Amino acid sequence: MRQSKYFIPTLKEVPADAIIPSHRLMLRSGLVRQLAAGIFSWLPLGHIVLKKIMNILRDEMDAIGGQEFLLPALNPIEIWEQTGRVEAMGDVMFHIKNREGLVLAPTHEEIITYHARQHIQSYRDLPQIWYQIQTKFRNEPRPKSGVLRGRQFLMKDAYSMDSTVEGLDVSYQKHYDAYCRIFERCGLKFFIVGASSGAMGGSASQEFMVESDAGEDVCAVSDSGYAANLEVATSALPGVGRIDSTNAIEEFATPSAKTINDLKNQFSLTENQLAKSVVYMVNSEPVLILMRGNDELNESKLESVFKTNQFRPAEAEELFEITGAHTGSIGPINLKTKIKIVADNLLKDANGLVSGANKDGFHFKNIDFSRDCKIDEYHDFRTICEGEPCPINGSPIRVVKAIELGHIFKLGTKYSTALHANILDAEGVEKPIIMGSYGIGVERVMACYLEQGFDDKGIIWNKALTPYHVHLLGLNLLRSPEVQQACEDLYKELTDAGFDVLFDDRDESPGIKFNDADLIGIPIQIIGGKKNIDNGQIEFKIRATNERGVVNITDIVEKVRNFYK
RNA sequence: CGGGGCAUGGCGCAGCCCGGUUAGCGCGUCUGUUUUGGGAGCAGAAGGUCGCAGGUUCGAAUCCUGCUGCCCCGACCA
């Protein structure tokens, strides 16, 4: 490709709107332009990179037996109503205004299941892996970070269908392995975390993450290999346990203690001696949740314990009505009304505790959970913290921000049941198809790569994703017919050898060409300048290492060939 | 949806508080000329309903009201 005829609008100045590295680089190197909030146009150079990523995705999906579909973005809303997801998605789903009954597909579980229902009728038809690489539409409340969170984005989505749970395990593992190969081929430093399956439904799920300050997810990782989304992460922190005491509970005045920290400071107490109370309305029923000290309640864990997303913290008025006290003085004993009481595992059967007396300005001490109050259930409710021992071998946990690249789910039968996609098993019994769902954000793969692959000059593409193999820079072509001829010959020779060559034949100064080349970041640059060419030689530069060298012109194709071997 | 910020030639910004020439600057673009291995020099030129709609005023980019768009933080994220 001749750069003089190619559209690569590089920018010297960075648009003020772009904050994170990948976004700045995409704009500066002419890969992408923004059309509206969360909506982007891909320019030719960026489109090539997207296609390279999609080809890797196809390659690996085909390798595990995936079959590619092309599905409509316009969907009849009825199908989505049958699975209850019109309501579950709420505002996130785009509804077509001037054609009743159509929505823009935010994903495609329903459509895949619909077609499965039409034609998959026997366990003999399974397993199947169906996938698509297509645009999805989600009305994100706040698009941000360039292409990382958009209202319209490309997603590779795959769906597995099996007749048995063992079959689902096999399909899931195939995707797990394929995803590892995909991200390795793309050159990403990723890690895999156990994740919450949230409202997608289903039993197990894992996320493929790339550590990045631009990420929206928070993960716990440790040197032992432990890695989990903070939504589900646990630590090996020991429980509070019991102390040697049989003292009876005793009310004491705490007039100026409104917070756990106040109690700690005013009464010389430790985290382990304090039981914090929070009240949530779960399915409209109040629940008292006891946490150790300042431990933070994890709402994802709350959701999985109570198996509902219909919950919220109780409001001040409700709180007083339910407990008889205001925030700061609430506890498990002497509650005004009888409500369910649950506690975090760290407090299991603990004694010697301090907690609110449900009377403003008073607390109880010497509380024994197994003697003085009835804890209905103990569960893991807490959000773990940096530095806690990991569950594998106790090595310290680091809490890092990460970008979610891919997510694999064991869906089970949620969609097949709702849409009656049933099969007959070997015994002739009708059963719903057992499904899995596996997504990868295509633009996110590029953004994640860029978050890791750049320096102060610009992008540093790797061999797998680079839009061109070779960047041939012809310097001052109009001043030297010899240089021009040598570069033209080389352009043809490299192209004939099977390389994608970007030939900078523009009438621009060498400085502009060098800077643009470093910004665009093609892995190997070949620089045709008069001095070297007059000597029958040519210069190359490896973008990643800044290694430079001069070789005979006749050897340069071999040099490139070796570089890409 | 809460909080904050921004909107001025293609891009990046100043001007606005304190209303008053012809709305400036850098980059880019065009013409000429000199330059030619790390974003060149000189000379000239084009390009703007100051986001939109009202209002105040003799007079509004500037003050007031409403709206829209975009960015950041938070909430949300199947």
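So that the names make sense, note that chain A is the first sequence line, chain B the second, and so on, each numbered from 1. Values in this document were obtained by computation on a predicted structure and should not be read as measured data.
Nucleotide B:U65: paired with B:A53 (Watson-Crick or G-U wobble, both distances less than 3.5 Å). Under the Watson-Crick or G-U wobble criterion, with both distances below 3.5 Å, B:C70 is paired with B:G5. Of all nucleotides present, none satisfies the Watson-Crick or G-U wobble test against B:C17 with each distance under 3.5 Å. Within the shown strands, B:C27 is the pairing partner of B:G10 under the Watson-Crick or G-U definition, both distances less than 3.5 Å. Across the strands present, B:C42 finds its partner in B:G32; the criterion is a Watson-Crick or G-U wobble pair with both atom distances under 3.5 angstrom. Base pairing of B:G48 is not made with any nucleotide, judged by Watson-Crick or G-U wobble geometry with both donor-acceptor distances under 3.5 Å.
Atom-to-atom, CD of A:Glu508 to P of B:U35 comes out at 18 Å; the value is rounded to the nearest Å. If you measure from atom CG of A:Asp518 to atom C1' of B:G38, you get 9 Å, rounded to the nearest angstrom. With rounding to whole Å, A:Phe514 atom CZ is found 12 Å from B:A40 atom P. Across the protein-nucleic acid pair, A:Arg543 atom CZ and B:G38 atom C1' stand 13 Å apart, rounded to whole Å.
No engagement by A:Lys136 is indicated, since no non-hydrogen atom pair under 4.0 Å with the nucleic acid exists. Nucleic acid contact for A:Asp91: none, since no nucleic acid atom lies under 4.0 Å from a heavy atom of the residue. As judged by a 4.0 angstrom heavy-atom cut-off over every strand, A:Asp507 is placed among residues making no nucleic acid contact.
A salt bridge is defined here as a Lys NZ or Arg NE, NH1 or NH2 lying under 4.0 Å from an Asp or Glu carboxylate O, and A:Asp455 with A:Lys457 fails to meet this definition.
For B:G37, its base sits under 3.5 Å from the side chain of A:Glu539 at one donor and acceptor pair at least. Side-chain N/O atoms of A:Arg33 and base N/O atoms of B:G10 include no donor-acceptor pair closer than 3.5 Å.
With sequence neighbours left out, A:Asp489 forms a salt bridge (charged side-chain N to carboxylate O under 4.0 Å, His left out) with no residue at all. Legend: residues meeting side chain to side chain donor-acceptor pair (under 3.5 Å) with A:Gln134, ordered by chain and number and at least two apart, are A:Gln132. A:Arg138 meets the side chain to side chain donor-acceptor pair (under 3.5 Å) test with no other residue; sequence neighbours excluded. Contacts of A:Phe540 classified as ring-ring contact (aromatic ring centres under 6.0 Å, His included), with partners at least two apart in sequence or in another chain: none. Applying the salt bridge (charged side-chain N to carboxylate O under 4.0 Å, His left out) rule to A:Arg142 yields no partners; only residues at least two apart in sequence or on another chain are considered.
Sorted by first and then second residue, the side chain to side chain donor-acceptor pair (under 3.5 Å) pairs with a member in residues 31-45 of chain A form an empty list; sequence neighbours excluded. The side chain to side chain donor-acceptor pair (under 3.5 Å) pairs that include a residue from residues 15-29 of chain A are A:Ser22-A:Glu451, where partners are two or more places apart or lie in different chains.
Remark: A:Ser509 is not in phosphate contact with B:U36, judged by side-chain N or O atoms under 4.0 Å from OP1 or OP2.
Here, B:A53 and B:G15 have their C1' atoms 24 Å apart, quoted to the whole Å. With P as the reference atom, B:G32 and B:G38 are 26 Å apart, rounded to whole Å. When the P atom is used for both B:C67 and B:G4, the distance is 15 Å, rounded to whole Å. One C1' atom belongs to B:G37, the other to B:C30, and the distance between them is 27 Å to the nearest Å. Between the P atoms of B:C42 and B:U35, the separation comes to 15 Å (whole Å). Look at the P atom in both B:C50 and B:U22: the space between them is 15 Å, to the nearest Å. Taking atom P in both B:G26 and B:G41, the straight-line distance is 12 Å, to the nearest Å. B:U21 sits 30 Å from B:U65 when the C1' atoms are compared, rounded to a whole Å.
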Tabulate atom names and distances for all N/O pairs under 3.5 angstrom spanning the protein and nucleotides 66-77 of chain B.
residue	atom	partner	partner atom	Å
B:C70	OP1	A:Ala37	N	2.8
B:C70	O3'	A:Gln34	NE2	3.4
B:C70	O2'	A:Asp17	OD2	3.0
B:C71	OP1	A:Gln34	NE2	3.2
B:C73	OP2	A:Arg142	NH1	3.4
B:C73	OP2	A:Arg142	NH2	3.1
B:C77	O2	A:Arg149	NH1	3.0
B:C77	O2	A:Arg149	NH2	2.3

Please write out each protein N/O paired with an N/O of nucleotides 23-28 of chain B under 3.5 Å, distance rounded to 0.1 Å.
residue	atom	partner	partner atom	Å
B:G26	N2	A:Glu13	OE1	2.7

Can you check nucleotides 44-48 of chain B for protein contacts, nitrogen or oxygen pairs under 3.5 Å, and list what you find?
none

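Atom CD of A:Glu100 is surrounded by 12 or fewer heavy atoms from other residues, nucleotides or ligands within 6.0 Å. Shown here is A:Arg99, whose CZ atom has no more than 12 heavy atoms of other residues, nucleotides or ligands within 6.0 Å.
Contacts between residues 471-491 of chain A and RNA chain B, defined by a heavy-atom separation under 4.0 Å, are made by A:Leu475, A:Asn476, A:Arg479.
Under the 30°/60° scheme for interplanar angles, the aromatic rings of A:Phe381 and A:Phe306 are found to lie parallel.
Under a cutoff of 6.0 Å and an axis angle of 45°, A:Lys410 and A:Tyr172 form a cation-pi pair.
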Name the atoms and distances for all side-chain donor-acceptor pairs under 3.5 Å in residues 522-532 of chain A, with sequence neighbours left out.
residue	atom	partner	partner atom	Å
A:Gln525	NE2	A:Asp518	OD1	2.9
A:Lys530	NZ	A:Asp534	OD2	2.9

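Judged purely by distance below 3.5 Å, without hydrogens or angles, the side chains of A:Arg382 and A:Asn298 never pair a donor atom with an acceptor atom.
Less than 6.0 angstrom separates the ring centroid of A:Phe183 from the ring centroid of A:Phe208.
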Worksheet item: Would A:Val103 and A:Trp80 count as a side chain to side chain contact (heavy atoms under 4.5 Å, CB included) if you check the C-alpha gap in whole Å, the side-chain angles of each, and the deciding distance to 0.1 Å?
Response: CA-CA 9 Å; A:Val103 294; A:Trp80 291 84; 4.0 Å; yes
